[in-house]
Amino acid sequence: MPTDSIWSYAPELGFAQGQDPDLTGYTVVASDGSTIGHVDRQADHHAMRHLVVDTGVWVFGRSLLVPVGVVAAVDTGGRKITVSCTRPEVKAAPRFRTDSETMDPGYLTTVGDYYWGLTRPGHAPGAPAG
C-alpha cells in the first residue's frame, strides 16, 4: 500500500471519489474486535482524509486521528466501522492533542507514516509500526 493510499478509502468499500460517506457517530471497532470509540468528525485537509475518533474513557477521554485508509469495513445498518489494526496499535498512534493538528501537514504525515507501517506486508499485529 503506497503511503498516500492511507488517506483514501479502500476501493473495495465502494465509495466514489469525492463522495465520502458520513460516518459521524459510527462506532469504531478494531480488527481484534474491541471497541475503540465513535467517529466524532471527518476531515480532509491537504488531501489527507481522516476520522477523529472520540475514545471515551479507555484512553482517558482523548481523541484519536485515524486515516480513512485503515477503514476495513463499513456496516451502514449497524452504524459501525472496522479498522485494520488492533486496539493497542491504535492506542500507540501519535498523540492527537488539538484540532489545529488536523490541518498540520507535518503532523498528518507522521500519523500517516505510523498507520502505513501497520499495513505493510510482514507487519505482525500488535508489533510497533516502525
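No hydrogens, no waters, no symmetry mates; every other heavy atom, side chains included, goes into these values. As the structure is a prediction and not an experimental result, all values here were calculated from the model.
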Less than 3.5 Å apart, which donor and acceptor atoms pair up between the side chains of residues 69-76 and the rest of the protein, not counting sequence neighbours?
unit_1: Asp75; atom_1: OD1; unit_2: Gly77; atom_2: N; d: 3.2
unit_1: Asp75; atom_1: OD1; unit_2: Gly78; atom_2: N; d: 2.8

- [ ] Please tell me if the side chains of Thr109 and Met48 come closer than 4.5 Å, counting only heavy atoms from C-beta onward.
- [x] yes
- [ ] Indicate yes or no: at least one non-hydrogen side-chain atom of Val53 is less than 4.5 angstrom from one of Val90.
- [x] no
Go through the structure and list residues passing side-chain contact (heavy atoms from CB on, under 4.5 Å) with [X], not counting sequence neighbours.
X      : answer
Pro21  : Tyr9, Phe15, Leu23
Asp40  : Asp54
Thr110 : Pro94
Ala93  : Tyr114, Tyr115

Task: Joint cluster assignment, Val66 & Val39, ILVMFWY side-chain distance < 4.5 Å - done: yes
Open item on the list: Quick check on the hydrophobic clustering: are Tyr26 and Leu51 connected, directly or via other members, by side-chain heavy-atom contacts under 4.5 Å?
Closed with: yes
Task: Set of side-chain hydrogen bond (donor to acceptor under 3.5 Å, both in side chains) partners for Asp44, sequence neighbours left out - done: none
TODO: Among Glu101, His50, Arg49, find the residue that satisfies the side chain to side chain contact (heavy atoms under 4.5 Å, CB included) test when tested with Leu108.
DONE: His50
- [ ] For Arg79, check salt bridge (charged side-chain N to carboxylate O under 4.0 Å, His left out) against everything at least two apart and list the hits.
- [x] none
Atom [atom1] of [X] and atom [atom2] of [Y]: how far apart are they, to the nearest 0.5 Å?
X     : Y     : atom1 : atom2 : result
Arg41 : Leu65 : CZ    : CG    : 9.0 Å
Arg87 : Thr35 : CZ    : OG1   : 7.5 Å
Asp22 : Gln42 : CG    : CD    : 5.5 Å

TODO: Classify the ring geometry between Phe96 and Tyr107 as parallel (under 30°), tilted (30 to 60°) or perpendicular (over 60°).
DONE: tilted
If you take all heavy atoms of [X] and [Y], which pair is closest and at what distance?
X      : Y      : answer
Pro105 : Met103 : CD-O, 3.3 Å
Ala30  : Thr86  : CB-C, 3.7 Å
Ala47  : Trp7   : O-CB, 3.7 Å

